Amino acid sequence: MDKILSYAMFGFSVVTLVLAINVLRSSGKNHKGNFLFIGLALSSSLWGVCFGFIPVQKSADIAYILRSIGLAGMFAYLVFVTFFLASMSGIDNVIARVVKLFSLSCVFLYPFSIQRKNVNFINSSFGMSYIFEDKIINTLYISYCFIVAAALFYFEMNMCFNKKRKWIQVMGRRFIYCEIVIFIGTILDTILPLLGVSAFPGSSLTQSFGVLMIYFAFLFYKSNNISIDNMTEFVYYSFEEPLLIYNENEKLKVINKAAMEYFGIHPEYEDITLDQLFYVDKNILQTVEGIIKIDADCIMKPSHCRLCINRVLDKYKDIKGYIVIVDDFTDKVKVFEELEEAKRKADIANKAKSDFLTRMSHEIRTPLNTIIGMDEMVLRETNNKKVAEYGKHIKKAGEVLLAIIKDILDISKLEKGKLKLIEDEYNIMDILNDSIDMLYLFGNEKGIEVKVSIADNLPVVLYGDRLRIRQIVLNVSSNAMKYTQAGMVKFSVNYKKVDENNVKLSIEIEDTGRGIHKEDIDKLFVPYEHFDENENQTIEGTGLGLPIANDLVKLMGGNIEVKSQYGKGSKFIINILQKVVRWEEDGIKEEGPEQKNQGRTFIAPDARVLVVDDMPANLLVANELLKRTQIKVDMAKRGADCLKMIEKKSYQIIFLDHMMPEMDGIELLKRIREFKDNSNSSVPIIVMTANAVLGSREMYLDAGFTDYISKPVYYEELERLITKYLPDGMYTYIDTDNQESGKGDVIVD
C-alpha cells in the first residue's frame, strides 16, 4: 500500500512538473498568469514528491526531512494559488491586497511548523505516517490553511457572479470544484492528525488533481482573454476573414488560417508580396497613410475583393508593419451588377411607359379634340331635339374617354410623387352639390333612390385643394352608383371640430350594391386591379377612380375607411382634415371674374389670333369654337406658313401645336421670338397640344411658351385664356342665353 501511494504521488508530481515546463515553453511565458501557474505547478510537484516518499521510509528522521521540504512546497503552493486566483479574478481591492499579504506570512510560520517536537512519526497500515502534537503552532498552521482556503473561496465567488463576462463565471465555478477536491484531501492529512489519527497523504494526492483542473481552467482563460501575447493564435484560428500581416520591409510575417484556405497557399509564405496575390501596384503599401480601402481582383482565384490596409506605427510613429484584411465581395458585386441591370431595365421600362403615355395621350386626344369640338358646334347650331340628344350622348362618351385618359395620367403623377396640391379658399357646398347632382342624375336613370344628409352648422368656407377634393368625392360617389343596381345610395356629410381653425370632414357614401368580400377590400386601392370579374364584367371603367381618390386623400393627410358586407352593400368614409376660413356663409368673398362671368361669353371683333396646326380638323374646331366671339381667326398648317403670316399681320395671341412636321412648335416659337422689329415677337404664344403627360406643362413653360392648353379643347377654357391675354378694352361680355349665331346684347364690363 505504501509503495502504491508513493508511485501515485510521484507520477502526479511528474505530471505537474511537465505542466510547468509546457507553460514555460509557451509563447506567453512572460505573462503574469503564466509565471504564477509555473510557480504553482513547481511547488505542487515538490509538495507531492516529498510527501509521496514518506510512506516508504523506515527512518523517522528521513521522514521528518521529507516532510519539512514538502511543507515548503505546500506553503509555496498556497502563496502561488492565492496570487494566481487574485490575478484571474481581476480583483484588486483592499481585501485582495490583505489576503495576498497574509498568505506571505507563511514565511514566519514555516520555521516553527517544521520543528521535530510538533509531530510524532509512526508506522501505520499504509506505511510511515505522523500525528500532530497538541501544540499552538499546529493550531496556527491549520488556521492559516483555512484562512487561505476562505480567501480563495472569496475570489472564486466573485468570479462566479461576474456580470460582464460569462466565461469568467465558468472559470470561477471550475476553481470552486478544484478547492472542494483539495479540501477533502486536507481533512485526511491535516484535520485527522490533529485529532490523534495517523495522517493519510490526502491533500498531497488531491492537490495534484487540483493543479490539473487549474491548468485546464487556465487554458480556458487564455483562449478567452485576448492579449498581445496570444493575439496571433487568436487571429490564426478565430478571425474568419482572410488576414495578412506584413512587416516594415513588406515581408509577409503572419497569415491566418482563413487566408491560407482562401488563397490555397502553404505556411511557407515569407516571400509572397501583396502584388503576387492581387492585381495592385507593387508599391501599394508604401502609399498607405492611416487606413485605406481599395478594390482589387485576386490573382489566384476569380474573385473581386476589397482590401482594408492599416498601417501599424510604434509610439515614435515609425512604421512597424501593415495589416491587410481581405473582404471577398464577388457576390456583392454580382448583386450590385444585377441591381444596376434591373435599374437600367426599369429605367427603360419607365421611359417606354412615359413614351407610351405621351403617344397615347397625343393619339387619343387629337381625334377626341375633333369629336368634342364638332359636337359642341352641333349642340350650338342644331334646332332638332333628336340631333341635340345624339350630340349629348356623343359629348358624354367623349367626356368618359377623356376622364379615363386623365385618370391614367393622374396615376402616373402620383406614382412618381410629382402631383402637387394647389390650395385656396373654396365653398364646400359647391363641391358637395356637384356630387349630389351627379348622384341624382344617375339615380334617375337607374331608378335608384338617393338620400342626402348634411350636418348642421357645417363650416362653409374652407382652405384646401378644391379641384382634388371634388375629384375624390366624385370618384367615390360615382363608384357607389356604378356598382348599385337597385335600392339606394346615401350621401352624408359630418364634421368634427378639431379646434377653432381646423375640422375633420367625414363624407360617407353608403350603397346597397353588390358589396365586397373582406379579402378583396385591399384590392380596391390597387391601380388596374379587378376582382369578381364574372360578376362585374358589365361595369365600365379602368379601376383607377378609387386608387386615385385614396392616394389623393393620403396626400392630404387623411384616409378612406371601407365597411362592406358581400351581397348587401358598402360604406366608404372619406376623412380629410381641412382649415376653416369662415364658419358662416356671411362674408364669403365676392366671386372673381371667372365665376362672375359664368353663363356669358364675349365678343372681340377687333382682335385677331393665329392658330397653327398640321391637322385641318383641329384648325376647323378652333375656328368654330371662336366663331361666336367674332374674333378674326387666321390659320396655318405649317411653321413656314406661320412665319410668312406674322411678317404681314399683327396678332394679339398665337396658338401653336407642338408636334408638327418639318418644324415643331418649340422650334417655331424660337423663330418667332427671334424676329426683330416685329410686333408679333412679343405677343402671348400659347401651346395647344395633345401632350398632357406628367411634366408637360412645365416643359412648355420652360421652353418659353406663355401658357398651355391641352386637347381636346373646351370652349370655356379657350375663352378664359383669350380674355386673360387680350388687352383690356378689346373684348366685352354678352349673355349666352340671348345669343344666336354669334350675335347678342352687348354688356360693357
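This one's a predicted model, so the numbers in the text were calculated from it and none came from an experiment. All heavy atoms count here, side chains included; hydrogens, waters and symmetry mates do not.
Nearest heavy-atom pair, Ile323 versus Leu243, reported as atom, atom and distance to 0.1 Å: CG2-CD1, 4.2 Å. The two residues Ile573 and Ser506 make their nearest non-hydrogen contact at CG2-CB, 4.5 Å. When every heavy atom of Phe278 is checked against every heavy atom of Ala296, the shortest pair comes out as CB-CB, 4.1 Å. Here the closest non-hydrogen pair linking Thr82 and Phe155 is O-CE1, 4.0 Å. Shortest non-hydrogen contact noted between Val79 and Ser103 is CG2-O, 3.3 Å. Annotation for Val280 and Ile294: closest pair CG1-CD1, 4.0 Å, computed over non-hydrogen atoms.
For the atom pair CD1 (Ile325) and CG (Asn310), the distance works out to 7.5 Å, reported to the nearest 0.5 Å. Atom OG of Ser113 sits about 7.5 Å away from atom CG of Asn138, to the nearest 0.5 Å. A distance of 13.5 Å separates NZ in Lys332 from CG in Leu339, rounded to the nearest 0.5 Å. We find the CZ-CD1 distance between Phe80 and Ile38 to be 9.5 Å, quoted to the nearest 0.5 Å. Atom CG of residue Asn158 and atom CD of residue Gln169 lie 12.0 Å apart, to the nearest 0.5 angstrom. Interatomic distance, OG of Ser89 versus CG of Leu152, reported as 10.0 Å (0.5 Å rounding).
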Review point. Could you go step by step and tell me if Tyr322 and Ile245 meet the side-chain contact (heavy atoms from CB on, under 4.5 Å) rule?
Key: CA-CA 6 Å; Tyr322 307 89; Ile245 300 178; over 6 Å; no
Point to revise | side-chain contact (heavy atoms from CB on, under 4.5 Å) assessment of Leu140 paired with Phe112 | key: CA-CA 10 Å; Leu140 292 175; Phe112 299 100; over 6 Å; no
Point to revise | Glu337/Lys334 under salt bridge (Lys or Arg N to Asp or Glu O under 4.0 Å): CA gap, chis, key distance, verdict | key: CA-CA 5 Å; Glu337 290 174 348; Lys334 184 177 180 181; over 6 Å; no
**Study point:** side-chain contact (heavy atoms from CB on, under 4.5 Å) assessment of Thr273 paired with Leu252
**Key:** CA-CA 7 Å; Thr273 58; Leu252 186 58; over 6 Å; no
Exercise for review: Report the C-alpha separation of Leu277 and Met300 in whole Å, then their side-chain angles, then the decisive distance to 0.1 Å, and conclude whether the side-chain contact (heavy atoms from CB on, under 4.5 Å) test is met.
Suggested key: CA-CA 6 Å; Leu277 299 175; Met300 297 189 172; 3.6 Å; yes
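A donor-acceptor distance shorter than 3.5 angstrom exists from the side chain of Tyr110 to the backbone of Ser68, with no hydrogens or angles considered. A donor-acceptor pair under 3.5 Å is absent between the side-chain atoms of Ser45 and the main chain of Ala41, judged by distance alone.
Side-chain contact between Leu313 and Lys320 is absent, with no heavy-atom pair separated by less than 4.5 Å. Residues Val326 and Leu307 are in side-chain contact: their nearest non-hydrogen atoms beyond the backbone lie under 4.5 Å apart. Side-chain contact between Lys58 and Met128 is absent, with no heavy-atom pair separated by less than 4.5 Å. With a 4.5 Å cut-off on side-chain heavy atoms, Ile291 and Cys308 count as touching.
For NZ of Lys497, the number of neighbouring non-hydrogen atoms (other residues, nucleotides, ligands) closer than 6.0 Å is greater than 12. For Lys301, the NZ atom sits in a packed shell: over 12 heavy atoms of surrounding residues, nucleotides or ligands are nearer than 6.0 Å. In the displayed structure, Lys579 atom NZ is contacted under 6.0 Å by at most 12 heavy atoms of other residues, nucleotides or ligands.
A salt bridge does not link Glu340 with Lys343: every distance from a Lys NZ or Arg NE/NH1/NH2 to an Asp or Glu carboxylate oxygen is 4.0 Å or more. Salt-bridge formation is detected for the pair Asp295/Arg306: a Lys NZ or Arg NE/NH1/NH2 atom is positioned less than 4.0 Å from an Asp or Glu carboxylate oxygen.
Every residue two or more places apart in sequence or in another chain that forms a ring pair (Phe, Tyr, Trp, His ring centres under 6.0 Å) with Phe329 is listed here: His304.
Under a cutoff of 6.0 Å and an axis angle of 45°, Lys251 and Tyr246 do not form a cation-pi pair. Geometric assessment of Arg116 against the ring of Tyr64 yields a positive cation-pi assignment under the 6.0 Å and 45° thresholds.
No close placement of the Tyr77 and Phe84 rings is indicated, their centers lying 6.0 Å or farther apart. The aromatic ring centres of Tyr144 and Phe102 sit less than 6.0 Å apart.
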